[in-house]
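Down below is the structure, laid out as structure tokens.
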Amino acid sequence: MKEKTPLNFLERIIEDDLANGRVPENTIVTRFPPEPNGYLHIGHIKSICINFGLAEKYKGRCHLRFDDTNPEKEEMEYINSIKRDIKWLGFDWGDYEYHASDYYLQLYEIALELIKQGKAYVDSLTAEQMKEYRGTLREPGKNSPDRDRSIEENLRLFLEMHEGKHPEGKYILRAKIDMSSPNLNMRDPALYRIKFASHPRTGDTWCIYPMYDFTHPISDAIEGITHSLCTLEFEDHRPAYDWATSIDGIEHTPHQYEFARLNINYFVMSKRRLLNLVKLGIVDGWDDPRMPTISGVRRRGYSPESMKDFISRVGVAKVEGVVDYSLLEFCVREDLNKRADRLMVVLNPLKLVIDNYPEDKVEYFEAVDNPEDQNSKTHQIPFSRELYIEREDFMEDPPKKYHRLYPGNEIRLKYTYYVTAHSVVKDDEGTIVEVHCTYDPESRGGSTPDGRKVKGTSHWVSASEGITIEARLYDKLFLTEYPGKETGNYLDDLNPDSLQIVRDAKAEPQIKQAQEGDYLQFIRNGYFCVDNKASSEDHLVFNRTATLKDSWAKLKKKMGM
RNA sequence: UGGGAUGUAGUGUAAUGGUAACACUGCAGAUUCUGGUUCUGCCUUUGGGGGUUCGAAUCCCUCCAUCCCAGCCA
């Protein structure tokens, strides 16, 4: 059987290159090159899946390379989080861990050589002057007065830059390309700038640092990268990439290809804006379960498998688009439905008293952990005269199509008995505090000998045996599809109700078995996981990963309730 | 108005000169001890205009729209 899954444009390029012997040793080499200046987010998952995934598919390899050329923004904390996140996704770079900073010396020597060949010069223009000389989008730039500085002087000044003899901003090393190029990146791009900043890896060894357009292509060449895959905004940099990989003495020639970055509506996905949410204290940190960071979705309870499935469904192309948040939710639910163990937890408890059930009796009923799994284990649930049910599962005066509990109506308490409501007890304010009902002993196990049907089944928790837990209910962080589109400030579109904390949810005792990393479903309430930060043995805290689809809520809305 | 890219259902992605399709969303129904799951059906698509061709989403011309680029960020 030959399966004909359509190839995306990158796979076509690779298969074509492989077929035509354009790849050394017939082994493709890709790389994932994060800058360690923040936490990885869902957008990076796409890049990770593309780079590691392609290497896997074509039996090549994928390097992890930290693009650490700007010490002012980069930190060890980020390096560690990035590694952890990639591992969590299930990818392994093996021995191929690199840092652009590993190449600082080689880069420096190449720069020296460039100067000697008259292909680079030291410029003393200020940043503002450089901007003026650069020209505009439609007007060509002007040559810097320093462009014709002698090779000897360029060499001397660059050496002095390296030795720390000049302050930041005084000099800059530039490539001598073409100030009249219609591509601004080719108007003598900066190669090296002076920065008296301590680098997370090289410390104070260097006071000059190479720029991206110089470092990235050469790093790719050094590592033998064959396919350098990046996002669309680097298309304009490809000529600079090709310029750098054409420098004399550079033997290997990788090629750059660009794909569209991932956008999802109702999210912000730039490191700058995510960092801002953290700094302003709007969220609990980079790993807040509402954040689209990898550490955030992990804490939220999304599985790595569902994230990879999502990325594969999104596809790879060059069209800049926006994926629906609903697709992400679909992938999460589909995966969790198959793997989550079911438990009964009442989030908004209302006491239910079964008047004709013995006072001190406790019965145990067996429940399947996961009905989607043929080989699922089971566990026991205690049942007693006083229970909690969901407040939303009882109404004194129900609307049409409400088939839960109301006076005179019979429903099933999941796994156990049919009960019929009779009366309520209210407090001084008229709020129902107790519902009284009777049960039918004949219905034990959830069905009756006479075969009569009930329309509703409610989950429940024994009042005496249940355990109090905390549940954190999350909703979208932003109210609008494109945060900030209207006002220009994405903070204007924050959802004030993106986190609802329920402190007195009632759970069946089985909840004590829950471990960090378990995927759970609280029956009829959604998917949940243990919060890896806040939960402790005597104060269990759960995060709602996703709600269940709720067609009743939809119906209610349609009926104008 | 310089350069680089991109236009296929609401959204994302296929079809590479031969009957426009898949998934998500939405809608309707069936099943169900989760108003979940599962199952069935329905809705809606080639940016516009020319041309080449027996035949065009695909090739050509033209127009239009959208995105990216003027960091000593990546």
Side-chain angles (χ1 to χ4, degrees), chain A residues 5-8 12 33-35 37 67-70 72-74 100 123 125-127 130-132 134-141 168-169 171-174 181-187 189-195 209 211-213 215-216 230-239 258 260 262 265 271-272 313-331 333-334 337-338 342 344 367 371-372 401-404 411-416 418 445-447 453-459 521-527 547-556:
Chain A
T5 38
L7 301 177
N8 66 47
R12 266 182 214 141
E35 183 190 10
N37 67 344
D67 225 336
D68 54 350
T69 55
N70 187 356
E72 282 166 359
K73 293 181 177 172
E74 296 154 8
D123 202 343
L125 250 30
T126 64
M130 250 182 89
K131 190 175 174 175
E132 283 166 33
R134 186 157 33 235
T136 66
L137 290 178
R138 46 192 157 62
E139 290 156 20
E168 288 185 16
Y171 292 116
I172 189 159
L173 184 72
R174 301 177 73 177
S181 170
N183 183 339
L184 294 266
N185 297 308
M186 296 300 271
R187 320 242 259 229
L191 262 24
Y192 266 93
R193 75 285 214 198
I194 300 169
K195 265 184 202 290
Y209 290 94
M211 301 286 292
Y212 170 87
D213 275 334
T215 310
H216 198 89
C230 61
T231 44
L232 253 26
E233 68 267 30
F234 291 99
E235 250 163 350
D236 286 342
H237 291 256
R238 199 183 330 132
E258 309 86 11
L262 174 64
N265 54 11
K271 281 189 197 167
R272 203 199 92 245
R313 286 173 189 266
V314 164
V316 181
K318 298 195 69 153
V319 193
E320 183 97 49
V322 182
V323 174
D324 267 338
Y325 175 73
S326 63
L327 182 64
L328 179 69
E329 271 207 311
F330 168 82
C331 293
R333 287 193 184 118
E334 187 184 55
N337 175 52
K338 283 189 213 123
R342 271 66 168 173
M344 293 203 286
E372 300 290 317
K401 295 189 178 172
Y402 183 87
H403 45 250
R404 303 182 185 182
I411 63 157
R412 173 170 38 233
L413 293 176
K414 193 169 173 74
Y415 306 123
T416 61
Y418 287 6
S447 59
K453 301 279 186 197
V454 287
K455 280 193 166 166
T457 300
S458 280
H459 59 284
Q521 184 194 109
F522 293 177
I523 289 177
R524 300 211 301 144
N525 272 323
Y527 297 101
T547 58
L548 259 22
K549 277 213 267 183
D550 191 350
S551 54
W552 168 242
K554 229 179 240 178
L555 226 192
K556 276 201 294 190

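In what follows, every chain begins at residue 1, and chains take the letters A, B, ... in the order their sequences are listed.
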Under-4.0 Å side-chain N/O to phosphate OP1/OP2 contact, Arg524(A) with rG35(B): yes

Sugar-phosphate only, base, or nothing, as touched by Phe330(A) at under 4.0 Å among non-hydrogen atoms: sugar-phosphate

Sugar-phosphate, base or nothing in reach of Gly446(A), heavy atoms under 4.0 Å: base

Separation of the C1' atoms in rA15(B) and rC72(B), to the nearest angstrom: 48 Å

OP1 or OP2 of rC72(B) under 4.0 Å from side-chain N/O of Thr126(A): no

Closest nucleotide among rU25(B), rA74(B), rA70(B) to the Phe234(A) side chain: rA74(B)

Separation of rG4(B) C1' from Arg138(A) CZ (nearest whole Å): 17 Å

Check: rG2(B) base within 3.5 Å donor-acceptor of Asn183(A) side chain: no

Rounded distance in Å between the C1' positions of rG17(B) and rG55(B): 8 Å

Length of the CE-P vector between Met344(A) and rU34(B), whole Å: 12 Å

N or O in side chain of Arg193(A) less than 4.0 angstrom from rC73(B) OP1/OP2: yes

N or O in side chain of Lys453(A) less than 4.0 angstrom from rU32(B) OP1/OP2: no

Integer angstrom distance from the C1' of rU44(B) to that of rA28(B): 16 Å

rC59(B) versus rU8(B) - spacing of their P atoms, nearest Å: 15 Å

Base rG36(B) paired with Arg333(A) side chain (donor-acceptor, <3.5 Å): no

Sugar-phosphate, base or nothing in reach of His459(A), heavy atoms under 4.0 Å: nothing

Any Thr69(A) side-chain nitrogen or oxygen under 4.0 Å from OP1 or OP2 of rA74(B): yes

Base orientation of rG71(B), syn vs anti, 90° cut from 0: syn

Sugar-phosphate, base or nothing in reach of Glu168(A), heavy atoms under 4.0 Å: nothing

Nearest-angstrom distance from the residue atom CD of Glu132(A) to C1' of rA70(B): 12 Å

Selection from rG35(B), rG4(B), rA14(B) that lies nearest to any side-chain heavy atom of Ala317(A): rA14(B)

Sugar-phosphate only, base, or nothing, as touched by Lys195(A) at under 4.0 Å among non-hydrogen atoms: sugar-phosphate

Closest to the Ala190(A) side chain, choosing from rU34(B), rC72(B), rG35(B): rC72(B)

Integer-rounded Å distance: rG4(B) C1' and Leu232(A) CG: 10 Å

rU34(B) base / Arg342(A) side chain donor-acceptor hit below 3.5 Å: yes

Side-chain donor/acceptor contact of Glu233(A) with base of rG4(B) under 3.5 Å: no

His403(A) and Trp552(A) aromatic ring geometry - parallel, tilted or perpendicular at 30°/60° bounds: tilted

Donor-acceptor pair present, Glu320(A) side chain and rU66(B) base, under 3.5 Å: no

Residue-phosphate contact under 4.0 Å: Lys549(A) side-chain N/O, rU37(B) OP1/OP2: yes

Touch class at under 4.0 angstrom, heavy-atom based, for Tyr418(A) against every strand present: nothing

